[in-house]
**Student:** 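Please read through the structure below; I'll follow up with questions.
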Amino acid sequence: MNTAPSPSTADHSGTASHGALDARTLIEQLHQLLKTPQSELDWDRYCLLIRHLCKASHSAIIRQSPPSDSIELLGRSSELPSWSPLQALPPGMDLLARASANGYAQAPAQAPDGQTWLVLVVALQGLASSFLVLNIKTQERPQLNELTLRALLCTHFGPSSAHTTASATPSGLTGMLGLAAEVMQQNSFDSACLTLVNGVTSAWTLTQASLGWVDAQRTEVVAISHLDRFERNSRQTQLIENALSAAILQGHEVWWPASDHGELDHQGMAEYAKEMQVERVVALPIRNAQGMTHAVLLLAFSAATLADPELDHLQLSLELIEPRLSDLRLRSLGPQRRLTRYLHTLSEAVFGPEHGTFKLVTVILTGLLLYLVLGSWHYRVDASAQLNTEATRLISAQFDGRIDQVHATAGDLVKEGALLVSLDTRELEQQHSELGAEISRAETEVNKSRAEGHLAETEIAQARLEQSLAKAQRIESYLQQAQSKAPFEGVIVEGERKDLLGAPVKKGDRIFKLAKVEGLYATLMVSERQMRHIQAGASGEVALLSHADHNIPIRVSSVIPVAQVKGQEGNQFMITAELLEAPQAWWRPGMTGLARIDVGDKSIVWILTHRVVDNLRLMLWW
């Protein structure tokens, strides 16, 4: 590999002498440099000039020598002294072979310092197996087409530079790239299009060149060679538009007469050729990066046909200038046409055949979003529920004692008169026996005092007798009340056998709570956050825990406007609701479950977000 001169000297001088020059001046200096014979050409200066022209960080000219494909360095220019063109070529990607086949190649690569740059490799025209390697900064990617065009303009070499310059034809690659550069320097769409058609007409000595632009499936003639102005509705313009449609429909270049015997001549092109009295017509589509036809170039000439290599050069130039023409076209449109074009492009992207899965997902998500915004759900407020009844009776202890037997427990359905609980009466029976003995003694004393005629003693003994009889009567009453029975048929809603058996009780202590299985209603507990939605008469459903699959319809009958504190659940309000279903055999007062109260249709967005919105309002309120 050749050893290049010190890059620092060349780069610093280049910065001083070329840093403020524009692209045209740099191209002129490069063309002057190319007039030097190849054996005397200063490759380092060439690399310096083209690096500034293409806004690159590094540039180099290399030659690939067969058969070993070794790389020879002819010249270089770099911002870094240690840069080598071998560092620019990404591993596993033969950019040199691609550049040889297509004229140029590009790919992203990783710099040694971790930065990302874009590698552009351009094959030198006229120098076998020689290439220009450029490292373009990432921020220059939007101008990649223009920078590629600049590189292609300055890589045309011949057997000798002087001979090449003298013999180059305007229709060759250099001429077409020069025309593309001139088009890209125009500041208006009309001037750029006119420069293109006039330049092509002059390069190939055409009878006429026309450019049509495709907007929203409508083709409009935007430029005709050597005509600054033309009538949009003239016969010539209409013939040109009809001839352009052939390339739009087929998506590739179309010749008249047809170059392939299997193809049919397009009627519009035939009429145009007859009107213009020309022998050959070709329509060339100009496509964007997505492969869509944005414009068509129509060429009419009366002598020999264009050579395929020349068409390839023109196609390359058209591909490079298409982004510039599209940008100028968009700027030239009024607000209304810009909006129309944007809507058309959007509709093509949405309803076109590309990216079917992505579009399907987008349509589904859009539909869901519209449903969430415009749709509504039936909103219901959740609440805890319990069955209650007004027909209840408390079974309590009639005297102090201890529970001896328990014959029922909570949840049992008992008949009227059924024995529920028995108190221990052994102590009462003992007291009753003692009182019987006292009564016998008192009766004996009364009889004795009366027989002896002691009136005072008789009255005292009679009082003692009556006192003993009263105590005995009270004990007998307790004994009769020691067994508690159900006053009516109902369900025990309070009182557990395991808690009552053997438990000491005092007179008045609650043992059981008995409720009738009739006149049942539901009591609901609703949080204060949801109370604003509840109105008397609202309907809903209750699902009890014992039969969660059975929903009982209810109707709100009253709202108690006093909050009750329920621990961590916060303040809650009690609501009574009427059961709208005939009583079932399994219903029991005290059963609990969940209730949902209907409050009407609400927006889906409101249902999903109202709690968050309420919290934010409380947090941000002052």
Side-chain angles (χ1 to χ4, degrees), residues 387-521 523 562 588-590:
L387 294 185
N388 287 309
T389 179
E390 297 293 346
T392 60
R393 179 73 61 86
L394 294 178
I395 307 299
S396 58
Q398 299 300 314
F399 54 85
D400 296 346
R402 185 179 300 273
I403 297 177
D404 184 29
Q405 295 181 353
V406 180
H407 303 282
T409 188
D412 288 351
L413 178 64
V414 296
K415 300 292 186 180
E416 182 179 357
L419 182 62
L420 301 179
V421 64
S422 299
L423 298 181
D424 189 357
T425 59
R426 286 176 294 180
E427 185 176 352
L428 291 178
E429 290 174 352
Q430 183 177 359
Q431 293 179 7
H432 188 268
S433 299
E434 293 176 353
L435 286 174
E438 290 182 3
I439 291 173
S440 298
R441 287 198 302 270
E443 289 176 348
T444 302
E445 291 179 359
V446 169
N447 293 331
K448 180 179 179 181
S449 299
R450 183 180 295 120
E452 293 177 352
H454 298 155
L455 297 177
E457 294 179 358
T458 300
E459 291 179 359
I460 294 172
Q462 185 65 37
R464 291 175 180 170
L465 176 59
E466 292 177 356
Q467 183 179 12
S468 298
L469 290 173
K471 290 181 179 180
Q473 186 177 3
R474 184 174 68 252
I475 295 299
E476 290 174 357
S477 175
Y478 286 164
L479 291 173
Q480 293 176 358
Q481 297 175 3
Q483 294 183 339
S484 298
K485 298 181 180 179
F488 51 77
E489 183 178 353
V491 176
I492 297 177
V493 295
E494 288 186 15
E496 295 286 344
R497 177 186 287 111
K498 61 183 181 60
D499 297 330
L500 296 175
L501 189 61
V505 292
K506 292 185 178 180
K507 185 176 181 180
D509 285 352
R510 178 187 300 183
I511 301 177
F512 287 118
K513 183 177 182 180
L514 184 64
K516 286 185 177 181
V517 188
E518 60 183 27
L520 293 175
Y521 64 93
T523 57
V562 178
R588 298 291 184 270

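Since the structure is predicted, the reported quantities are computational estimates derived from the model, not experimental observations.
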**Student:** Name all pairs fulfilling the salt bridge (Lys or Arg N to Asp or Glu O under 4.0 Å) condition that reach into residues 436-450, sequence neighbours left out, sorted by first residue then second.
**Tutor:** E445-R464
**Student:** What is the minimum heavy-atom distance between P487 and I395, and which atoms define it?
**Tutor:** CD-CD1, 4.0 Å
**Student:** Which heavy-atom pair separates L394 from R510 by the least distance, and what is that distance?
**Tutor:** CD2-NE, 3.4 Å
**Student:** Restricting to side chain to side chain contact (heavy atoms under 4.5 Å, CB included), what partner residues turn up for S422, sequence neighbours left out?
**Tutor:** Q405, H407, L419, Q483
**Student:** Between A482 and T425, which heavy-atom pair has the shortest distance, and what is it?
**Tutor:** CB-CG2, 3.2 Å
**Student:** Side chain of S477, backbone of Q473: donor and acceptor closer than 3.5 Å?
**Tutor:** no
**Student:** Using the test ring-ring contact (aromatic ring centres under 6.0 Å, His included), find all partners of Y478 that sit at least two apart in sequence or belong to another chain.
**Tutor:** F399
**Student:** So with a 6.0 Å cut-off around CD of E452, is the heavy-atom count from everything else above 12?
**Tutor:** yes
**Student:** If we ignore hydrogens and angles and just use 3.5 Å, is the side chain of N447 paired with the main-chain N or O of T444 as donor and acceptor?
**Tutor:** no
**Student:** Determine the minimum heavy-atom distance between A410 and E496, stating which atoms define it.
**Tutor:** CB-OE2, 3.6 Å
**Student:** So, do I403 and D424 sit near enough that their side-chain heavy atoms are less than 4.5 Å apart?
**Tutor:** no
**Student:** Could you grab the distance from atom CD of Q462 to atom CG of L455, nearest 0.5 Å is fine?
**Tutor:** 12.5 Å
**Student:** Tell me, do L420 and I492 make a side-chain contact under 4.5 Å, heavy atoms counted?
**Tutor:** yes
**Student:** How long is the straight-line distance from CG of L413 back to CD of E489, given to the nearest 0.5 Å?
**Tutor:** 5.5 Å
**Student:** How about I460 and E457: do any of their side-chain heavy atoms sit closer than 4.5 Å?
**Tutor:** no
**Student:** Could you walk me through whether L435 and I475 pass the side chain to side chain contact (heavy atoms under 4.5 Å, CB included) check?
**Tutor:** CA-CA 9 Å; L435 286 174; I475 295 299; 3.8 Å; yes
**Student:** Step by step, would you call I439 with L465 a side chain to side chain contact (heavy atoms under 4.5 Å, CB included)?
**Tutor:** CA-CA 6 Å; I439 291 173; L465 176 59; 3.7 Å; yes
**Student:** Taking all non-hydrogen atoms of both residues into account, name the closest pair between T409 and F512 and its distance.
**Tutor:** CA-CE2, 4.3 Å
**Student:** Once you round to the nearest 0.5 Å, how far does CD of Q430 lie from CD of E434?
**Tutor:** 5.0 Å
**Student:** Which atom pair, heavy atoms only, marks the closest approach of K506 to D400?
**Tutor:** CA-OD1, 3.1 Å
**Student:** Are side-chain heavy atoms of L423 and D404 found at a separation under 4.5 Å?
**Tutor:** no
**Student:** Is there a side-chain contact between S396 and Q398 (heavy atoms, below 4.5 Å)?
**Tutor:** yes
**Student:** Considering residues, nucleotides and ligands other than E427, do more than 12 of their heavy atoms fall under 6.0 Å from its CD?
**Tutor:** no
